[in-house]
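Down below is the structure, laid out as structure tokens.
Order of the sequence lines sets the chain letters (A, B, ...), proteins ahead of strands, with each chain counted from 1. All values derive from a computational prediction rather than experimental measurement.
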Protein chains: 2
Amino acid sequence: MADKAKSAKITDVANLAGVSVATVSRIINGVAKKASPDTVRKVKAAIAELNYQPSGVGRALRRNKSHLIAMVIPDANNAFYAAVATSVESALRQKGYSMILCNSDEDADTQDLYLAEMRSLLVSGVALLGAVPSPELEKMVNSGFPVVFINRKAPKGLTAPFVGIDNYAAGVCVAEQFINQGYTDCAAIHGPLHSPAQQARFQGYVDRLSEEGIQLKPEWVREAKLTIESGYSAASSMLTGGDKHFPRAIFCGNDPIAYGSYRRCQDLGLQIPKDVALFGFDDNPLNQWLAPWLSTIHAPYESFGAAVVSAFERTWGNESGAQEMETILPFSVTQRSSV
Amino acid sequence: MADKAKSAKITDVANLAGVSVATVSRIINGVAKKASPDTVRKVKAAIAELNYQPSGVGRALRRNKSHLIAMVIPDANNAFYAAVATSVESALRQKGYSMILCNSDEDADTQDLYLAEMRSLLVSGVALLGAVPSPELEKMVNSGFPVVFINRKAPKGLTAPFVGIDNYAAGVCVAEQFINQGYTDCAAIHGPLHSPAQQARFQGYVDRLSEEGIQLKPEWVREAKLTIESGYSAASSMLTGGDKHFPRAIFCGNDPIAYGSYRRCQDLGLQIPKDVALFGFDDNPLNQWLAPWLSTIHAPYESFGAAVVSAFERTWGNESGAQEMETILPFSVTQRSSV
DNA sequence: CTGAAAGCGCTTACAG
DNA sequence: CTGAAAGCGCTTACAG
């Protein structure tokens, strides 16, 4: 037997309990001026009997906000993003918020579509893991809407809270790994430079290398998308030139790029790290199982959640609109066999 | 300069255009009785000027439904689930729906929390990829709420649309791979049997094997969670017994279990497939890059999206409540080196 | 072709 | 301690 399709509303509860909807509402929300124990009992009973669940939509419309937080990520297939999202989700849930995930696919229009959608749903905030510059995004942060940027800072010109590692320092760190091993034929396959994270990683790498007198040949610098496929083809074009002189150490803008590069090397019969060394970024949680050879910068994804929650709380507590607030999390170096 | 924090509402548009809100609403929604071209022009201009975006909440409350679809998945870190979600998302978006993702974490309470949340948000439907039996789920499908099950059929007793492969046949197929190679020392590490998918895969495997006179020793059957870690420890307990007699061919309930088993074999110095053969399920899109050795059943995740959309459309078009409707997608065998 | 009005399910001053 | 009433932003018969 199917239940009635319509679910109970607050008036049903009020009728059944023999009180007004105002009273029911107050009891549900635990409002200060306490109701009489007897009333409370009746109302709770009615709620239980009807299996009443307040309408999020009615509530949101009235309160002008929901307890939803939207998280937009560029690529659900990247396990690092998934891991960060998981961390944020559980931190949020502990505070009574629910997280809903949207996929921007690294595309400005898609991101805007979801941003508009989420705002119209009255979410209490949006977290962007890997934001891409877009008109709606700009509008949101300028209007003081609570948005926090994760991993990738806000596009230039926008000022908003950020949670992530010091990407520049991490880039420096990769350079030092190569320097310590005596590599001088260094290369880089970075991600899109509209990403401040990619920008900073790459810059740190270049700067530190040049302190050592090492200049990157232009043919040894490639931009790729942040995917395995793209890493593969970028590596191809770099390793496959006519001459036999190829780079011996490659900075990869993230782990998937490193996976692709690795495969390309294998396909070319190049050995890692004997012929070429590879260094990744983020330390995708899959690495320990499926890429136990990859040396990479480890970002502490388990601790992103708490940091994001505090960032939101600061924003909510602060009516003064735009504000900058950076939470820089420590990274570490995961040394495996690819260097 | 920050924009005004408050966004425009339909009354603002109506005032600016000098018409009633009813007219604005009709124009936005393209209602039949067409407005005069002049009115339309004025309204569109006002909308553009104010950058008006209808409130999803106001609209949902009034219409008693939104254009949101919720998708719940058990584990965002499983790339197969992510790939299916991506496919569903883009199919949905083409129909004008937005998908929001929730993570049940393979846990009934968490699933219920999100289910209730989503229903209270007035989503137009919920798709569950890997549903776990739970009270709220039961309530939803019994009340005729549009839910479609992906990959894992509805828990027993519930009747609802399903999109996925024929898991039993796939299990049979794995058995045949082993049989053809002459394996007789066969084992299985399946996932939780509350999952009809795991149940069917395992059953197909067992049945086909026993047709061949091959019985699975009880010690060679293990239940694991659908994760790499769990696969690793299940394999441990199976391969690590005192005697030297271990299985030569292991059915793994999904790819992550196979990854874990593979690693365990490596750690034990066992060669794949010389010492033990492994067969996975789903064909995680990462396989070709990071596990190019894994033979597995390929589920056509790219085509799940369209099938899910039609399943919803059938449900919406049909007021008669509960209905069963299966869309069985073809699977194939991906032969790599682990068998 | 267009507007006034009711109502979707809630919350919250305001009275009492 | 509790209720009547207004209103959140929309849509949709109902009149005209």
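Atom CG in A:N15 sits roughly 17 Å away from atom P in D:dT2 (whole-Å rounding). Here C:dT11 presents its P atom at 6 Å from OH of A:Y52, a figure rounded to the nearest Å. Regarding B:N64, its CG atom lies at a distance of 10 Å from the C1' atom of C:dG9, rounded to whole Å. One atom, CG of B:L61, and another, P of D:dC8, lie 13 Å apart when rounded to the nearest Å. For A:D12 and C:dG9, the CG to P distance is 9 Å, given to the nearest whole Å. Taking atom NE2 of residue B:H67 and atom P of nucleotide D:dT11, one finds them 11 Å apart after rounding to whole Å. Between the CD1 atom of B:I28 and the P atom of D:dT11 there is a distance of 6 Å, given to the nearest Å. Distance CZ (B:R63) to P (D:dC8): 20 Å, rounded to an integer number of Å.
The side chain of B:K9 approaches D:dG9 more closely than any other nucleotide in the set D:dG9, C:dT2, D:dA4. The side chain of A:A22 lies closest to D:dA4, out of C:dA4, D:dA4, D:dT2. For A:T23, the listed nucleotide lying nearest its side chain is D:dT2; candidates were D:dT2, C:dT2, C:dC10. With distances taken from any side-chain atom of B:T39 to the nucleotides C:dT2, D:dC10, C:dG3, the minimum falls on C:dT2.
Summary of the strand contacts: B:I27 and B:R62 both lie near DNA chain C, and taking for each the nucleotide with the nearest heavy atom, the more 5' one is attributed to B:I27.
No side-chain N or O of A:S25 forms a donor-acceptor pair with one of A:R59 less than 3.5 Å apart. Side-chain atoms of B:D112 and B:S134 form a donor-acceptor pair, as typed in the model, at a separation below 3.5 Å. Using modelled atom types and a 3.5 Å distance limit, the side chains of A:Y114 and B:R93 yield a donor-acceptor pair. Side-chain atoms of B:S120 and A:Q53 form no donor-acceptor pair, as typed in the model, at a separation below 3.5 Å.
A:S36 comes within contact range of the sugar-phosphate backbone alone, with a heavy-atom separation under 4.0 Å but no base atom that close. As judged by a 4.0 angstrom heavy-atom cut-off over every strand, B:V57 is placed among residues making no nucleic acid contact.
Within 3.5 Å, a donor on the side chain of A:R26 pairs with an acceptor on the base of D:dG3, or the reverse.
Between B:R59 and the phosphate of D:dG9, there is no side-chain N or O to OP1/OP2 separation shorter than 4.0 Å. Between B:S55 and the phosphate of D:dG9, there is no side-chain N or O to OP1/OP2 separation shorter than 4.0 Å.
Across every strand in view, D:dA13 sits unpaired, with no contact that passes the Watson-Crick or G-U test at under 3.5 angstrom.
Rounded to a whole angstrom, the distance from the P atom of C:dC1 to that of C:dA5 is 24 Å.
Remark: aromatic rings of B:F145 and B:W316 are distant, center separation not under 6.0 Å.
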